Amino acid sequence: MGGRRAPSTILSVVGARPNFMKLAPLARQLARRADVRHLIVHTGQHYDPEMSDAFLRDLAIPRPDCNLAVGAGSHAQQTAAVMQRLEPVCLEARPDVVLVYGDVNSTLAAALVAAKLGIRVGHVEAGLRSRDWSMPEEINRVVTDRLSDLLFTPSRDAGDNLLAEGIPRERVHFVGNIMIDSLVALLPEARRRNGAGPAGAAGAAAGPYVVVTLHRPANVDDAATLRQLLDALAELSGDRRILFPVHPRTRARLQGMAWTPPRPDRFALLDPVSYVDMLQLVLGSDAVITDSGGLQEETTYLGIPCLTVRPNTERPITCSAGTNRLVAARRDALCEAARQLWGRRRMPPPTIERWDGNTAARIVAVLCDGASMD
Ligand code: UD1
């Protein structure tokens, strides 16, 4: 054996709600390695306790070493603020690798900072493509992947996308879906909570229900589109109770329209719920109506029908697996798609390659032991 090497420093940058479930399993694995110093930077893109602290707590993420407190702003303001505040942190910590997660503004900003300092960038959830350049996330994904040295893909189609863009094959590692690591780890806790807390109580009340989440600018920032969706949900609340944890962006739009549910006994607007509470709600639901990326994957793993209110998805495997279907943001389209679901028998959960709870271990094998994952 050679002499003992100094521990390498890995710096993870997270900032928004969907980042946290991707960080948690990796933080747990890296904490076990004596040869690694793992630092966590929270950019503060999401800052409300229920958008951030509740997730860190449920997912047992160690307290971040640093919070950049960038808060809200335009895309340029938010991206620039992360860059300006992260650069000195990187200069001081001198990480060997900066890990970025998913496709939010904090992801792109951190990748730019690290790449320009000559620090290796690892992208967890690389290679997803909606091919819809009107989505800020698509820009974030493509640029982040171009800047990355280590591209950790969740599915084979993601690897194919990267190779088609000319990314060298040796940079691409098919490690599987890290969101599923968090899901597998916390499913027992979600089942145990059964009915606890306000979200649980709403779910446990009599009758079948559908979980709804909507937060994409394309769906909620345009009043006419949002109105179509709300009218559809109001109509569907006659068939199934609607439980709708409301994202702050959407909450502001609903307040702006002075909108309240027509039948509050059938249609509950909830505050944003924590990770385990959401899992609990989804587990008990008949179906999910959403524009979230993560929920498309979680429902696929669980075999729960999902209607995704978007014209495209960067996660086509969720559609080919049979659980997810894209629906136009129109009242008639959403009502028709939902009513087709009511009559259908639930399919058994599909099995998807490397969506198995072991993705973080594969990433650590690549990062720390030089493994390669084809
Ligand atoms: C961001 C991500 C999106 C992800 C979503 C998950 C980008 C471009 N978008 O969108 O990909 O799906 O997170 O939630 O990075 N706000 C609060 N409290 C918070 C956070 C936000 O009130 O804790 C409000 C602010 O008014 C802010 C608005 O929500 O202006 C939008 O927040 P922002 O982080 O800009 O984008 P999201 O819509 O959350």
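What you see is a predicted model; the values in this text were computed from it and never measured. All ligand and atom numbering here is 1-based and tracks the order in the structure.
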Could you check [atom] against the protein and tell me its nearest heavy-atom contact, residue, atom and distance included?
{"atom": "atom 32 (O) of ligand 1", "answer": "His46 NE2, 4.3 Å"}
{"atom": "atom 2 (C) of ligand 1", "answer": "Val104 CG1, 3.7 Å"}
{"atom": "atom 11 (O) of ligand 1", "answer": "Glu137 OE2, 2.5 Å"}
{"atom": "atom 18 (N) of ligand 1", "answer": "Asp48 OD2, 2.9 Å"}
{"atom": "atom 8 (C) of ligand 1", "answer": "Asn105 OD1, 3.2 Å"}
{"atom": "atom 26 (O) of ligand 1", "answer": "Tyr47 OH, 4.1 Å"}

Just by modelled atom types, is the Ile180 backbone N or O under 3.5 Å from a matching donor or acceptor in the Glu298 side chain?
no
Check: Ile304 main-chain N/O paired with Thr323 side-chain donor or acceptor under 3.5 Å:
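Checked: no pair found.
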Quick one: which ligand 1 atoms are inside 4.0 Å of a heavy atom on [X]?
{"X": "Pro248", "answer": "16 (N), 17 (C), 18 (N), 22 (O), 24 (C)"}
{"X": "Gln78", "answer": "34 (O), 35 (O)"}
{"X": "Pro18", "answer": "6 (C)"}
{"X": "His215", "answer": "4 (C), 5 (C), 6 (C), 12 (O)"}
{"X": "Gln45", "answer": "1 (C), 7 (C), 15 (O), 34 (O)"}

Non-hydrogen atom of Glu50 closer than 4.0 Å to ligand 1
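No.
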Of all the heavy atoms in Arg251, does at least one lie under 4.0 Å from an atom in ligand 1?
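Heavy atoms of Arg251 never come under 4.0 Å of ligand 1.
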Could you say whether the N/O atoms of Asn140 and ligand 1 ever approach to under 3.5 Å?
no
What I want to know is whether Arg249 and ligand 1 share at least one N or O pair that is separated by under 3.5 angstrom.
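Yes, there is a polar N/O contact under 3.5 Å.
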So, for Val82 and Leu68, which heavy atoms are closest and what is the spacing to 0.1 Å?
O-CD1, 4.1 Å
Looking at every heavy atom in both Phe20 and Met51, which two are closest together, and how far apart are they?
CE1-O, 3.5 Å
Out of Ile289, Leu326, Asn324, Thr318, which residue meets the side-chain contact (heavy atoms from CB on, under 4.5 Å) rule with Cys306?
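In the set Ile289, Leu326, Asn324, Thr318, the residue that makes a side-chain contact (heavy atoms from CB on, under 4.5 Å) with Cys306 is Asn324.
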Phe244 and side-chain contact (heavy atoms from CB on, under 4.5 Å): which partner among Leu214, Val210, Val211?
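Result for side-chain contact (heavy atoms from CB on, under 4.5 Å) with Phe244: Leu214.
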Taking 4.0 Å as the limit for heavy-atom contacts, which would you say applies to Met51 with ligand 1: side chain only, backbone only, both, or neither?
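Looking at Met51 and ligand 1, just side chain atoms fall under 4.0 Å.
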In terms of side-chain heavy atoms, does Arg131 have a donor or acceptor partner in Asn161 at a distance below 3.5 Å?
yes
Just by distance, no angles: are the side chains of Ser12 and Tyr101 close enough, under 3.5 Å, to form a donor-acceptor pair?
yes
Leu151 CG to His173 NE2 distance, which is reported to the nearest 0.5 Å
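That separation rounds to 8.0 Å.
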Could you pull out all residues at least two apart from Asp374 that satisfy salt bridge (charged side-chain N to carboxylate O under 4.0 Å, His left out)?
none
Ring centroids only, cut at 6.0 angstrom: are Phe174 and Trp355 within range, meaning strictly under it?
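Ring-ring flag for Phe174/Trp355: false, centres at least 6.0 Å apart.
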Looking at non-hydrogen atoms alone, which of Ala72, Ser74, Gly15 comes nearest to atom 30 (O) of ligand 1?
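That would be Ala72.
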